[in-house]
Amino acid sequence: MLVQLFRFHGLLVASHPWEVIVGTLAVTICLMSMNTLATSNQMCSWNNCPKVEEEVLTSDVIILTVTRCMAIIYIYFQFKNLLQLGSKYILGIAGLFTVFSSFVFSSVVIHFFGKELTGLNEALPFFLLLIDLSKACTLAKFALSSNSQEEVRENISQGMAILGPTFTLDALVECLVIGVGTMSGVPQLEIMCCFGCMSVLANYFVFMTFFPACVSLVLELSRESREGRPIWQLSHLAHVLAEEEDNKPNPVTQRVKIIMSLGLALVHAHTRLTAESSGGNHTAEGPMAKRMDSTGTMWPVKLSSLELEHVITLSLALLLAVKYVLFEQAEAESSLSLRSPINVSSVKQKSRAAEDCCRRDVSAAKPQRTAGSVLTTGAASDHKLVPEGETTITAATETLTVENDTCFSPSCKSEPRSMEECLAILSDPQRGPRMLSDAEVMILVTSSKILNYKLEAVLETPERGVGIRREMLSAKLPGTSALACLPYKGYDYSKVMGTCCENVIGYMPVPVGVAGPLLLDNKQFYVPLATTEGCLVASTNRGCRALSLSGGCSSRILADRMTRGPVVRLPSACRAAEVKLWLETSEGFSLLKDAFDETSRFARLEKLLVCVAGRNLFIRFQSQTGDAMGMNMLSKGTEKALQQLQQQHPDVEVLSLSGNFCTDKKSAAVNWILGRGKSAVCEATIPGRVVREVLKSSTAALVDLNISKNLVGSAMAGSVGGFNAHAANVVAAIYIACGQDPAQTVGSSSCITQMEATGPNREDLYISVTMPSIELGTVGGGTNLPPQQACLQMLGVTMPNQPGENARQLARVVCATVLAGELSLMAALAAGHLVKSHMTHNRSKTNLPEMAVSDSQATA
């Protein structure tokens, strides 16, 4: 019941963030405006806390100084731990939580204690010591592990259901424990304890209202509005819900807290009743007088002499408080350690065992009975003893009760069940594939009951499907360890399925370097380059440095249109010519445009280029595609337009949606002349001093080499779009890092590099690169994968801008980085440094001893 209440509270707060934030601010303002409260002597009345006295003792100064230092150190370590998470959202939200909590607390303290509290020097250190950012950040991690705003609300509600009861009990216990200090009779200690109680209450109030509302609102405002995709999702937080469910507080500790809070409540109630019964004999001479009974006895003396049971109760409460503060963490770690493997001698062995075991659905583990206990096997070969009769399967997110002794572990050596039984389990919604062992799944795949390419979808756990496919493939390869060094664990295959790759057996790590800062259009960019070619990043980085020292480079987008070129056939060449003329009329174009534009929010048919080859008709559709690369968008629109064409001319036969007149992933003069995707140009002027000092060359040498190599040499080779030094190097490296289609490097690297001597003494170098067919996008395909998305975020091309602006900005960055690479490589060639640099940075030393032996044998 209590959990459901907190869940409902969390959902309500996360669903109405504006209302909650405004309401919290309104309550705070009301507290600040209640001036009448400041004159009341009963607001801080745990035991009628005194006002701050004018005389400040040396001991008080020492206490306050030590407290302030402890508070600063404590907050430093809290934020240091948060920094290890590597999330700007968690840090920002925690900072906002701290600032607003201190604001609420400060306003409460000022107006409850009145004008006699001249500053917050006494109050804030206690607040900083008692504020707990860990639970706030845990709730933030719940939200950050979401994939949509709906999941944000749901995860916040689940987080509140898990954290709310614990945080409420902790706040209650803290208030009661600290409140004991208000009965000490020591004025300064009573004031400190009053401050502490208020800080706990303010912290709790903000955590339950303002904080979850801010989390929900911040994440809603930071998502990409056009595509609805979150930019906050962190892969290392993806299982935070399961982890928190697994690490719920120990019930024994919770019972101790409840008993402790009840005992402390009785202590406080007894003290209040005692104070009220003797209240008529008190005078108003000061707070110490209020603790005098009718005989003039001080409360602590009276307590020690007359109420021994009260002293015993209070001592027990203080002991429990010490246990709660000092030993609770140790108890929690101890309880968690019971879940660790009992047959593992070291952390390394545990890690290696986990790596050797194929990943699978952890709910499919088998309970193995032992004498008097049951040994439960988890996903990473973790073992735990549970009582006899409670046969369970323990996983990261669930505990599944098993009614028999059947082995469901993929590593189990028992004989697989029959084909009929496996099919019955597979088709049973209550059991399903998670109840099948890996060996049984392989049997079903071999017999075509489960299609190999559908393993990820059928098993409901993509990583397990990849692991089974690898195991089946390994048996067919020449070496049993052929796939040992190809990683596959810990990857989010849900973003790959149906989008990027099929029959997945792992993923390929590629080194990613960074070049920059690249000063482009008065903005600095740090460009990620994924490559295995030594010197490429270093060379491009040198070009970026030369550009930065020269004032940067400028770029422009000349055209933005993707193309698709189908081929259709007519009965005769004359009919093909007639249809061509009809397509070039405004009526024909309008009909096809209307059909084409209906298929997308962004694609708008701009132009048709029609060519005849005999009775075949080649039609090149051109359209903008927003931030997507756009091939799928163009294909869908083209197919719809061709249907409209066949309605007007029934004798049209569509041979192929792509007739190589696009042209995609092939070097083609049509793209070089007319452009495809983004057409861009970038230019810069390099002073003669930078050419000499940074590039180690001269302007005259670079201009002469560019003419001889890039222009004349490429013309001699009959190159189409290859009038450059190595544009494809840079394009391919950026494409791999940023989730583009690497095959489109073929057309995208078409580039002409031009150099001229300029300036008063013809010592400065003018350089430009023109790239007519940069085919790329910032949404869709591989750009959705987290590592590639991170590289796009580095370049700032994932921001919510006008449709198409992010992709155009990425094209300008590609063009400018190519310019930097051209500048550096041409300088290295002109100075004769190419071979030397590659021998230094790009020569593998892995097999040099073997090569040396072979060479010596060959010489002999």
Side-chain angles (χ1 to χ4, degrees), residues 226 557-679 741 743-744 747 772-777 779-781 803-804 807:
R226 288 179 294 102
I557 296 296
L558 306 175
D560 182 5
R561 59 178 68 94
M562 183 50 64
T563 64
R564 173 59 85 190
V567 55
V568 300
R569 178 175 292 168
L570 278 300
S572 65
C574 293
R575 276 292 295 146
E578 291 174 2
V579 174
K580 176 182 181 298
L581 293 176
W582 180 83
L583 288 171
E584 292 174 345
T585 64
S586 59
E587 177 189 0
F589 177 79
S590 296
L591 285 174
L592 265 63
K593 176 177 172 59
D594 292 341
F596 185 98
D597 293 352
E598 290 178 356
T599 62
S600 173
R601 293 180 297 162
F602 302 106
R604 296 295 179 265
L605 184 61
E606 296 180 355
K607 190 176 181 180
L608 290 176
L609 178 63
V610 188
C611 293
V612 173
R615 63 191 186 112
N616 291 340
L617 200 63
F618 294 85
I619 311 170
R620 183 178 164 103
F621 289 77
Q622 300 182 15
S623 168
Q624 291 192 14
T625 57
D627 282 321
M629 186 273 290
M631 287 304 300
N632 292 334
M633 199 180 298
L634 262 291
S635 297
K636 186 167 58 173
T638 299
E639 186 176 52
K640 187 71 173 179
L642 291 178
Q643 294 174 2
Q644 181 65 37
L645 176 63
Q646 287 180 311
Q647 291 181 8
Q648 299 296 321
H649 301 278
D651 54 351
V652 170
E653 177 189 359
V654 178
L655 295 181
S656 175
L657 190 62
S658 175
N660 275 8
F661 194 44
C662 311
T663 297
D664 188 40
K665 302 174 184 176
K666 292 166 282 291
S667 181
V670 66
N671 291 346
W672 174 244
I673 298 171
L674 300 180
R676 186 170 192 258
K678 277 70 177 173
S679 300
D741 189 340
Q744 289 188 317
S773 55
I774 305 176
E775 303 154 338
L776 49 72
V779 297

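FYI, the numbering just counts along the sequence from 1. This one's a predicted model, so the numbers in the text were calculated from it and none came from an experiment. Scope of the values below: all heavy atoms of this structure, side chains included, with no hydrogens, waters or symmetry mates.
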Would you name the heavy atoms of [X] and [Y] that are closest together and state the gap between them?
X      : Y      : result
Ser586 : Ser590 : O-OG, 2.7 Å
Asp651 : Arg575 : OD2-NE, 2.6 Å
Ala807 : Gly777 : CB-CA, 4.4 Å
Met633 : Thr625 : CE-O, 3.6 Å
Gly677 : Met562 : CA-CE, 3.9 Å
Ser679 : Pro772 : OG-O, 2.5 Å

So, does [X] use its side chain to make a donor-acceptor pair with the main chain of [Y] at under 3.5 Å?
X      : Y      : result
Gln646 : Val652 : yes
Asp627 : Gly804 : yes
Arg620 : Phe661 : yes
Ser773 : Gly747 : yes
Lys593 : Leu605 : yes
Arg604 : Arg601 : yes
Thr563 : Cys662 : yes

Let me confirm one number: the [atom1]-[atom2] distance from [X] to [Y], rounded to the nearest 0.5 Å.
X      : Y      : atom1 : atom2 : value
Gln644 : Glu598 : CD    : CD    : 8.5 Å
Gln624 : Leu634 : CD    : CG    : 11.0 Å
Ile619 : Leu583 : CD1   : CG    : 5.0 Å
Arg569 : Asn616 : CZ    : CG    : 5.0 Å
Glu578 : Leu570 : CD    : CG    : 8.5 Å
Asn671 : Leu674 : CG    : CG    : 8.0 Å

Is it the case that over 12 heavy atoms from other parts of the model lie below 6.0 angstrom from the NZ atom of Lys640?
no
Count the heavy atoms of every other residue, nucleotide or ligand shown that sit under 6.0 Å from CG of Asn632, and state whether that count exceeds 12.
no
Show every ring-ring contact (aromatic ring centres under 6.0 Å, His included) that has at least one partner inside residues 634-659, sequence neighbours left out.
Trp582-His649
Do the charged groups of Lys636 and Glu639 touch, with an N to O distance under 4.0 Å?
no
Using side-chain heavy atoms (C-beta onward) and a distance below 4.5 Å, is Phe621 in contact with Pro566?
yes
Please tell me if the side chains of Val579 and Val610 come closer than 4.5 Å, counting only heavy atoms from C-beta onward.
no
Table please: side-chain donor-acceptor pairs of residues 663-670 below 3.5 Å, with sequence neighbours left out.
| unit_1 | atom_1 | unit_2 | atom_2 | d |
| --- | --- | --- | --- | --- |
| Thr663 | OG1 | Asn660 | O | 2.8 |
| Asp664 | OD1 | Arg676 | NH1 | 3.0 |
| Asp664 | OD1 | Gln744 | NE2 | 2.9 |
| Lys665 | NZ | Asp741 | OD2 | 2.7 |
| Lys666 | NZ | Asp664 | O | 2.6 |

Using side-chain contact (heavy atoms from CB on, under 4.5 Å), reason through Arg561 and Lys607 one step at a time and then give a plain yes or no.
CA-CA 9 Å; Arg561 59 178 68 94; Lys607 190 176 181 180; 5.5 Å; no
Residue pair Val654, Leu645: steps toward the side-chain contact (heavy atoms from CB on, under 4.5 Å) verdict
CA-CA 10 Å; Val654 178; Leu645 176 63; over 6 Å; no
